[in-house]
Amino acid sequence: MSTPQQPPHAHSEQPESGTDRLERAVRAAETALIEYEIAVETFRIEVENFSRLHQQRLGPVYLRLDELDARIAEAVAARTQDPEDVRRAQQARAAVAPIPGIDELLGGWIQSEGMSPEAQAMLNERSVRPPERVRPGEEARRRYRELVRKAHPDLVTDEDERLRREEFIVRVNRAYADGDEEALAALAEEWAAGPPREPDPVSRGEELYARLEWLASRKDWLGQVVRELEDSAIGSMLKLAHDDPDGLLDDIARQLDAQVAEREQRLAELLDT
């Protein structure tokens with residue numbers, strides 16, 4: 001005799017409530033915003049690293065070009081004795097001449113050409129040592145993204161927890177900007193050993209709507225940050241070399257070296273004749 005089959009369940013799954021759908025929309029918006037913030041912050045770090053490396057590697061070359069331009073203008077003025085050539089030579093020399101005594105007066109923090117890289121780094125709480133590359137290595141990028149996805153302040157609404165996460169993410173960003181994989185690994189261990197995240201209480205519909213509005217305004221603000229970065233001189237350069245920003249620095253260095261060689265040849269010709 002066969003075993004009688006059990007009758008099918010008489011009830012079906014409960015329909016999703018409006019609050020449940022709103023909760024799901026908030027979580028999706030939070031995830032999307034964090035991914036966007038990761039992209040914005042990595043771009044900002046590349047812009048800053050490119051600027052620091054550009055100044056470190058190419059600053060002396062620009063100074064050399066200015067010096068050669070001044071010497072060429074002086075050589076031309078010496079040959080022609082034309083008042084306009086003399087004026088141009090004086091202007092060119094004034095552009096490269098240091099302000100007397102300023103380095104000694106300010107202890108090297110502010111130099112004749114502006115604030116020193118060391119002063120800028122300490123003012124911004126960054127490592128005085130310049131980064132090795134514009135774009136940190138793949139392992140550093142992987143660790144950075146994992147940490148931000150776990151510890152991002154936008155994942156919580158409690159103000160104390162948000163502040164704790166903001167302070168932690170500042171350290172994560174700094175380690176990533178330096179390309180410091182060991183520091184990122186240590187921060188990952190620190191986060192894993194920290195207090196476990198308590199689940200958010202079930203939110204009421206009004207609170208979820210307010211949360212969505214805040215997430216939307218945050219995304220709008222980040223969009224403005226991106227536009228400002230892209231419109232900057234360094235950001236515009238990086239957009240042209242998205243795949244290899246470090247190679248762009250090498251290209252600029254080669255172009256500047258060629259300009260230096262041309263000016264040195266021009267100066268030699270003027271002095272020999």
Side-chain angles (χ1 to χ4, degrees), residues 43 45-124 126-136 177 179 228-273:
F43 182 49
I45 285 172
E46 287 184 12
V47 169
E48 184 173 332
N49 283 354
F50 190 97
S51 179
R52 293 184 70 189
L53 285 169
H54 184 272
Q55 180 180 6
Q56 177 207 21
R57 289 181 53 186
L58 304 182
V61 184
Y62 285 117
L63 291 176
R64 176 61 177 161
L65 283 170
D66 290 341
E67 174 63 25
L68 287 169
D69 285 339
R71 294 182 64 184
I72 289 171
E74 289 167 345
V76 169
R79 291 183 58 189
T80 66
Q81 297 298 313
D82 184 283
E84 186 62 22
D85 288 338
V86 172
R87 184 188 64 80
R88 291 195 188 98
Q90 291 172 343
Q91 287 182 337
R93 177 52 60 191
V96 298
I99 301 174
I102 189 169
D103 290 355
E104 294 78 7
L105 178 64
L106 298 173
W109 288 102
I110 305 250
Q111 301 167 352
S112 56
E113 63 271 17
M115 185 175 288
S116 70
E118 292 79 9
Q120 290 180 0
M122 295 190 70
L123 183 64
N124 295 321
R126 291 289 309 279
S127 171
V128 174
R129 177 178 61 85
E132 296 180 0
R133 295 171 54 85
V134 174
R135 180 172 295 165
E228 292 175 358
L229 286 170
E230 290 180 339
D231 291 341
S232 68
I234 298 298
S236 299
M237 295 171 69
L238 284 176
K239 285 169 63 179
L240 298 176
H242 178 267
D243 294 335
D244 187 13
D246 290 282
L248 177 59
L249 272 177
D250 294 335
D251 290 341
I252 296 174
R254 284 191 291 268
Q255 294 172 16
L256 291 177
D257 288 341
Q259 293 178 32
V260 168
E262 291 174 0
R263 282 167 171 77
E264 287 178 339
Q265 182 178 354
R266 170 62 174 155
L267 180 61
E269 292 171 353
L270 287 169
L271 295 177
D272 288 343
T273 57

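Contact record, V47 with G235: CG2-CA, 4.2 Å, taken as the closest heavy-atom pair. Considering all non-hydrogen atoms of both residues, L249 and H54 come closest at CD2-CA, 3.9 Å. When all heavy atoms of A73 and A92 are compared, the closest pair comes out as CB-CB, 4.2 Å.
Every residue meeting the side-chain contact (heavy atoms from CB on, under 4.5 Å) condition with E84, not counting sequence neighbours, appears here in chain and number order: D82, R87, R88. A253 pairs by the side-chain contact (heavy atoms from CB on, under 4.5 Å) definition with R57, L58, not counting sequence neighbours. By the side-chain contact (heavy atoms from CB on, under 4.5 Å) test, E262 pairs with no residue at all, sequence neighbours left out.
In this structure, T80 contributes its side chain and V76 its backbone to a donor-acceptor pair below 3.5 Å.
Looking at D246, I45, L238 one by one, the single match for side-chain contact (heavy atoms from CB on, under 4.5 Å) with F50 turns out to be L238.
Taken to the nearest 0.5 Å, the CG atom of D251 stands 11.5 Å off from the CG atom of L240. Here Q259 contributes atom CD and L68 contributes atom CG; the two are 11.0 Å apart, rounded to the nearest 0.5 Å. Taken from OH in Y62 to CD in Q55, the straight-line distance is 11.5 Å, to the nearest 0.5 Å. To the nearest 0.5 Å, atoms CD1 (I72) and CD (Q265) are separated by 10.5 Å.
Contact check on R79 versus E74 returns no salt bridge, with no Lys/Arg side-chain nitrogen under 4.0 Å from an Asp/Glu carboxylate oxygen. Looking at R93 and E67, a side-chain N of the basic residue comes within less than 4.0 Å of a carboxylate O on the acidic one, giving a salt bridge.
In this structure, V260 and V61 have side chains that are in contact, with non-hydrogen atoms separated by less than 4.5 Å. Within the 4.5 Å cutoff, the side chain of R135 has no heavy atoms near those of the N49 side chain. Between I252 and M237, some side-chain heavy-atom pair lies under the 4.5 Å cut-off. Contact check for E264 versus R64: side-chain heavy atoms found under the 4.5 Å cut-off.
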